Amino acid sequence: LLNARLADAIDLNMQAKQAHWNVKGPTFFQLHELFDKVAETAEAAVDEIAERAVALGGTAEGTVDAVAKATTLPPYALNVKEGRGHVERIAQALAHFGEQVRDAIERSEKLGDKDTADLFTGISRDTDKYLWFVEAHLQK
């Protein structure tokens, strides 16, 4: 369970960096900064999830190969340039990640691991906050 969400969190981090590096358009600066904050938040989740997996006696599976095989996030199109396209894709990734994390909360609770459920609850809260921030850029 932890490694499944670790793969998604690493992928989310890299997708946010992809948007951060490549965004263009009239809202460049605001989106460039926002995508960097999304990436930082995802990176913090990566560290927490990986450390929890190891603390429980497992191995954190964070190699590029492991992440590519395990991520459940939709692939990020490399031809996106304009701000709105990046916003749509990051919103999609955040929404999907949030769904997976909420499922992980429930599964952790069913397994009787309240600490892991609590870890995922904090990640869910941060994910929802940044989804709100990103989706605000889709409003008309």
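Keep in mind the model is a prediction, meaning the values are calculated, not measured.
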Problem set entry | Closest non-hydrogen atom pair between Val80 and Gly85, with its separation | CG1-C, 3.5 Å

Exercise. Is it true that Leu119 and Val101 fall in one hydrophobic cluster, defined by side-chain heavy atoms closer than 4.5 Å?
Worked result: yes

Exercise. Roughly how far apart are Ile105 CD1 and Asp118 CG, rounded to 0.5 Å?
Worked result: 9.0 Å

Exercise. Would you call Phe29 and Glu33 a side-chain contact if the rule is heavy atoms closer than 4.5 Å?
Worked result: yes

Exercise. Arg5 versus Thr72: any side-chain heavy-atom pair under 4.5 Å?
Worked result: yes

Seminar exercise, completed: For Ala60 and Val54, the nearest pair of non-hydrogen atoms, with its separation, is N-CG2, 3.8 Å

Exercise. Does any N or O in the side chain of Ser124 come within less than 3.5 Å of the main-chain N or O of Phe120, such that one atom is a donor and the other an acceptor?
Worked result: no

Exercise. In terms of hydrophobic clustering (I, L, V, M, F, W, Y; side-chain heavy atoms under 4.5 Å; direct or indirect links), are Leu111 and Leu2 co-clustered?
Worked result: no

For this session: Determine, using the 4.5 Å side-chain heavy-atom cutoff (strictly less than), whether Val134 and Phe28 are members of one ILVMFWY cluster.
Result: yes

For this session: Could you tell me the separation between the CD atom of Gln100 and the CZ atom of Phe97, rounded to the nearest 0.5 Å?
Result: 9.0 Å

For this session: Taking all non-hydrogen atoms of both residues into account, name the closest pair between Asn13 and Ala39 and its distance.
Result: ND2-O, 2.7 Å

Problem set entry | Minimum side-chain heavy-atom gap His86-Tyr76 below 4.5 Å | yes

For this session: Return the minimal non-hydrogen interatomic distance between Asp8 and Ala70, and the atom names on each side.
Result: OD1-O, 4.3 Å

Exercise. Can you check side-chain contact (heavy atoms from CB on, under 4.5 Å) on Leu56 and Thr116, steps first, answer last?
Worked result: CA-CA 10 Å; Leu56 292 175; Thr116 298; 3.9 Å; yes

Exercise. Do you know which two heavy atoms are closest between Leu131 and Ala91, and how far apart they sit?
Worked result: CD1-O, 3.4 Å

Exercise. CG/Leu1 to CD1/Ile49 distance, rounded to the nearest 0.5 angstrom?
Worked result: 9.0 Å

Exercise. What do you reckon, is CD of Glu43 surrounded by more than 12 foreign heavy atoms closer than 6.0 Å?
Worked result: no

For this session: Can you establish whether the number of heavy atoms outside Lys17 located under 6.0 Å from its atom NZ is more than 12?
Result: yes

Problem set entry | Nearest atoms (heavy-atom pairs only) where Val67 meets Ala7 | CG1-O, 3.5 Å

Exercise. Heavy atoms, side chains only, cut-off 4.5 Å: are Leu6 and Val46 in contact?
Worked result: yes

For this session: Give a yes or no on whether Leu12 and Trp132 share a hydrophobic cluster (residues Ile, Leu, Val, Met, Phe, Trp, Tyr; joining criterion: side-chain heavy atoms under 4.5 Å apart).
Result: yes

Exercise. Would you say the side chain of Arg84 lies within less than 4.5 Å of the side chain of Thr27, judging by non-hydrogen atoms?
Worked result: no

Problem set entry | Partner of Gln15 by side-chain contact (heavy atoms from CB on, under 4.5 Å), out of Leu94, Ile10, Thr71, Ile90 | Ile90

Exercise. Between Asn3 (side chain) and Thr59 (backbone), is there a donor-acceptor pair under 3.5 Å?
Worked result: yes

Seminar exercise, completed: Value for CZ (Arg89) from CZ (Phe35), rounded to nearest 0.5 Å, stands at 10.5 Å

For this session: Please tell me if the side chains of Lys129 and Thr41 come closer than 4.5 Å, counting only heavy atoms from C-beta onward.
Result: no

Exercise. Nearest 0.5 Å, what's the NZ-CD distance between Lys110 and Glu106?
Worked result: 6.0 Å

Problem set entry | Thr63 side-chain N/O to Ala66 backbone N/O, donor-acceptor pair under 3.5 Å | yes

Exercise. Do Leu138 and Val23 sit in the same hydrophobic cluster, where Ile, Leu, Val, Met, Phe, Trp and Tyr count as joined when their side-chain heavy atoms come under 4.5 Å apart?
Worked result: yes

Exercise. Does a side-chain N-to-carboxylate-O contact under 4.0 Å join Asp128 and Arg102?
Worked result: yes

Exercise. Going from NZ on Lys37 to NE2 on His32, what distance comes out if it is rounded to the nearest 0.5 angstrom?
Worked result: 11.5 Å

Problem set entry | Salt bridge Lys69-Asp65, side-chain N to carboxylate O under 4.0 Å | yes

Exercise. Run the side-chain contact (heavy atoms from CB on, under 4.5 Å) check on Thr121 and Arg125 step by step: do they pass?
Worked result: CA-CA 6 Å; Thr121 299; Arg125 192 171 19 262; 3.9 Å; yes

